[in-house]
4 protein chains.
Amino acid sequence: MTHDGKKLTGLVAATFTPLTPKGEVNLSVIGQYIDFLVEKQGVRKIFVNGTTGESLSLSVDERKQLAEAWCQKGKGKLEDVIVHVGCSSLKDSQELARHAVEAGADGIAVISPTFFKPPNAASLRLFLQEVAAAAPALPFYYYHIPSMTGVHLLALDVVEGIEKVIPSFRGLKFSGSDLLDFGQCVSCSPGHWTHLYGMDEQLLAALAMGADGAVGSTYNYMGSTMNKVLCAFDKGDLEQARKLQFQMQEIILFAIKQGFNLAMNKQLMSEMSGISLGPPRLPLIPCDVTKAQVVVQKMYSVLGEQQ
Amino acid sequence: MTHDGKKLTGLVAATFTPLTPKGEVNLSVIGQYIDFLVEKQGVRKIFVNGTTGESLSLSVDERKQLAEAWCQKGKGKLEDVIVHVGCSSLKDSQELARHAVEAGADGIAVISPTFFKPPNAASLRLFLQEVAAAAPALPFYYYHIPSMTGVHLLALDVVEGIEKVIPSFRGLKFSGSDLLDFGQCVSCSPGHWTHLYGMDEQLLAALAMGADGAVGSTYNYMGSTMNKVLCAFDKGDLEQARKLQFQMQEIILFAIKQGFNLAMNKQLMSEMSGISLGPPRLPLIPCDVTKAQVVVQKMYSVLGEQQ
Amino acid sequence: MTHDGKKLTGLVAATFTPLTPKGEVNLSVIGQYIDFLVEKQGVRKIFVNGTTGESLSLSVDERKQLAEAWCQKGKGKLEDVIVHVGCSSLKDSQELARHAVEAGADGIAVISPTFFKPPNAASLRLFLQEVAAAAPALPFYYYHIPSMTGVHLLALDVVEGIEKVIPSFRGLKFSGSDLLDFGQCVSCSPGHWTHLYGMDEQLLAALAMGADGAVGSTYNYMGSTMNKVLCAFDKGDLEQARKLQFQMQEIILFAIKQGFNLAMNKQLMSEMSGISLGPPRLPLIPCDVTKAQVVVQKMYSVLGEQQ
Amino acid sequence: MTHDGKKLTGLVAATFTPLTPKGEVNLSVIGQYIDFLVEKQGVRKIFVNGTTGESLSLSVDERKQLAEAWCQKGKGKLEDVIVHVGCSSLKDSQELARHAVEAGADGIAVISPTFFKPPNAASLRLFLQEVAAAAPALPFYYYHIPSMTGVHLLALDVVEGIEKVIPSFRGLKFSGSDLLDFGQCVSCSPGHWTHLYGMDEQLLAALAMGADGAVGSTYNYMGSTMNKVLCAFDKGDLEQARKLQFQMQEIILFAIKQGFNLAMNKQLMSEMSGISLGPPRLPLIPCDVTKAQVVVQKMYSVLGEQQ
């Protein structure tokens, strides 16, 4: 794992945070988890302590333990470990950024604060800059997810001129449906930035608009299928890419009708991987196992058992 | 103009409603308008009395006059005239649907009522059914635009089983950014339905997801460019399609920063076509002409004077 | 019924529109309806063709018939008939305003257009002005209901200087929870304006902030109780006013848990009055009668059978 | 400062967090701050580390330092120090709750987590319960502020049966405009709970609905005026209470037109108290001092220099 300037592309799994049944961080299954990603899903890049990882429900100390464990267990197996260090408190984010260096992360990502919302793009950029300055040598990514943050600034405005204040800036995780904003980010940015799309269910659309790769939670257990979407797209076989994307959509829509949320998502990964990831942490509440299993059955029926 | 069962594809211009300076409907420029579309933009299909046409600001009688004029003047020049007949009142919609038959429309489209919102997909489908029944022989399209209607039902749920109750159903105008919903509409529908995408600035993404064509306001004056996007996409030249889409996005984003809205959009068309379309009707207020001209200059500088 | 300059105060019932079982306007029960209001509820003022009256689901012609019937049947029984003439089309609103004069209305009220939203307070005021000019001699009220219109302008900004452009302006129906805006409307307006509050379930709060009266749907069937709230408040007996308001809230909250909406509300009135008001019009769908009856039982158990 | 079971009533100032010009916590001015509240505003109760205190922008350690300082400096001067211990992480909230006991707080309050939103009232209650269990002897308050949290659960549903699981539960800080929900909280709760209203600009309305007191940021510098509102209300002099509330509203509305937000609010307190509270922390950005001074002038002109 080195951050040698190679652009981050392809599929990146946003990892779930394993908890014990009592809700404590469970580092012991991380090795297994990585093996599952690499061997069964063909996914060698991860994004840890993000939204999927329930980072905002964790203490700073827990996030450090997790970052260390993912980096350490990933050595020799994973190509990239991006550690999300965004917090509502700038101080905490800076502490986590410094820690990510020690932990051996390949990059850090930061989300906008959400309780107090930055009043404009410049203030958010200033916040990102202050975090980045705590780990100036690590590739830095802005994590854009307005549906969760409630911060409806254009990503394009946030990243405008950002390399002047964050020399380590390397791109975005764009988890939004505004493809005007996304397209202009792609169109206006230097070639060494990466544009990772974050709405798994419409990845193909973003590829058409120039996405370099994708970060998402479903790549934990449907990475194998979605790798085929990337592959078909690269070959110019749009029809095949669309067919696979539609299958994946059919599963997600089915899950939505069953009450898809982070709790169900986590349970789906437990079921698919055979690794017990435990419950989500409060204020989220565990997903009914039966419901998750119904979705797993749907997944098998749509994609075949090999998934 | 016949509705011979041929699927509606390609670019469809959502027309503006010409008004006199005093705000009365101005039918006299419709012939010129059609010539501009056909000769300068290469657009031979129109969607009249829609959102762009300020239909909800018009009286039933005005909408009838307009439908007649567009159909009559379009004879021999246009391939398709789709008349939007959606109203907040079912009675008015039915009256307009019946009138569209007489006027010689090639199809009708209906938006969801917005003041009183349908509580679920079934009630919206029932509303659509009651309108369609007033013009059973005309191809019927559902017009999905949640950002304007505030009705956040999945289009997929609305059109589920719809052909059983609306035998004339032929597809959707989908003006939304939820490409999971859009993709599943494409994936689950019979081959003779059409899927027309309605967010011009991200048309390429929708094409990748299987769109058959597009309905939009910018095709009034950037139809020529956007026809090239369709063309490049059809040839499998994604790079060229993306380049053109990005140019169009650059213009739209520039316009947004200038305060893009329906009033500016209408003024842009007046400037680009040389046809005076007049002000929008209250509660909208006219766009400052200078602002529109700045956007026009941007358009020329990005796309070249030939536009 | 004369509009002699007396300020409109007290309770005003926002009437439901009676429909036949097949959904046609049913004028035949309006006489009975008025008798019920006057005799059983002690309510002598009505607001017709408003939100409660499903006006936006009616044709212009239907609204005229209704305005005429309410005015005519109310003669000698009602003190005030305010006719709401707001439409999405300015032309239609003007036509209805002119008609209200002929029908003998005591005043007209206008809501903001909602599909195309006025971009600022000045443009909404301009819209209101154009409607008012069609019936310059009738007292004019602005109907403020942001939760339905999605127009989040301050009422205070809308009515600023409004008497200069609408000499017949006489006040507001304020159906919102922003009591800063409401309070400043009260504080800044001339004494001959009236401030009618429109969220029945928190009327007492608005009285404390200076409301002159109230317009609401629940006054159709809980007018008698709410008249006692007004009475207790006027006597300075806040404790009694609060006790009654809390009882009314208990009923409304119970109804909300049963799915309270306009359809249920209409059914509640049918049950309470014994007058069959029929179903709501599409896109609304009828309320399950059993559910409405459960709410009626709750009403009896909280307020006593005399209600 | 003892928590002897006396109900918390009257005005409670939600304190700002003093920072140095460089943005570090500045404990040195807390003594002065308390003196200003007690001597100039007649306010002897405070709510620290809340929204006004930018708690979500602080580290756990900083929040502890602040809690200690406010409690210690307040001894003998303040009647109540409520420490807000809500965090997005349950672990952090528990740690702060335990610390509040040691610090000598008179009570703790907890807001809903906001990034991951509790899916229903039961899950939020469970979260609150887990925090309360870390400080079982301290009076516990639920802090309801949907506009900031985006959690739109009824407070009534959250507090239903809450004393069974949180024996130390003593009431709510209700910062919302839904007075149906507020009224029913008052109506349905045992007499020893307190209902503190949190929208200062419409306090009078909440008093009419049964509020026991108020927590707010403006009581830092307009506490003296708002104490007069309480006093007038208690005497039954609604007219005087309304007059004063309207004056306060006039100032707030003026501030809103100048861009009122937490940054301006903090600057207003610096100006009014003469104590330098420093800038807000990122992602908030400092208020232009001139703008704050214009608001201060308005305050003087409306309320008189004695304020």
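All chains are named by letter (A, B, ...) in the order of the sequence lines, taking the proteins before the strands, and each is independently numbered beginning at 1.
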Hey, could you give me the CG/OG distance between L90(C) and S57(B), rounded to the nearest 0.5 Å? 8.5 Å

Does NZ belonging to K298(B) count more than 12 external heavy atoms closer than 6.0 Å? yes

Heavy-atom pairs under 4.5 Å with chain B: which of A263(C), G150(C), S59(C) has the most? S59(C)

Can you tell which part of L262(B) gets under 4.5 Å to a heavy atom of chain C, answering side chain, backbone, both or neither? side chain

Tell me, side chain or backbone of T51(B) under 4.5 Å from chain C's heavy atoms, or both, or neither? both

Between atom CZ of F115(B) and atom OG1 of T149(C), what is the distance when rounded to the nearest 0.5 Å? 7.5 Å

Measuring heavy-atom distances to chain C, does L56(B) have an atom under 4.5 Å in its side chain, in its backbone, in both, or in neither? both

Honestly, the part of D61(B) sitting under 4.5 Å from a heavy atom of chain C is neither

Which atoms of T114(B) come close to chain C, meaning under 4.5 Å heavy atom to heavy atom: side chain ones, backbone ones, both, or neither? side chain

Shortest non-hydrogen contact from L58(B) to D92(C)? O-OD2, 4.5 Å

Carefully, step by step, assess K91(B) and E24(C) under the rule side-chain contact (heavy atoms from CB on, under 4.5 Å). CA-CA 10 Å; K91(B) 294 258 169 193; E24(C) 299 299 317; 2.7 Å; yes

Residue part contacting chain C, namely of E95(B), when any heavy atom lies under 4.5 Å: neither

Just so I understand: if I count every heavy-atom pair under 4.5 Å between each of S89(B), G23(B), P113(B) and chain C, which residue has the most? S89(B)

How long is the gap from OG on S93(C) to CG on L282(B), to the nearest 0.5 Å? 11.0 Å

If one checks every heavy atom of I111(C) against chain B at 4.5 Å, the contacting part turns out to be side chain

What do you reckon, is CD of E160(B) surrounded by more than 12 foreign heavy atoms closer than 6.0 Å? no

For each of S123(C), A122(C), S55(C), C87(C), tally heavy-atom pairs with chain B at distances under 4.5 Å, and name the one with the top tally. S123(C)

Chain C contact via Q129(B) - side chain, backbone, both or neither, heavy atoms under 4.5 Å: neither

Is chain B contacted by the side chain of N120(C), its backbone, both, or neither, given a heavy-atom distance below 4.5 Å? side chain

Sidechain N-carboxylate O distance under 4.0 Å for R281(B), E130(C): no

Based on non-hydrogen pairs under 4.5 Å, which of P119(C), S112(C), S88(C) is most in contact with chain B? S88(C)

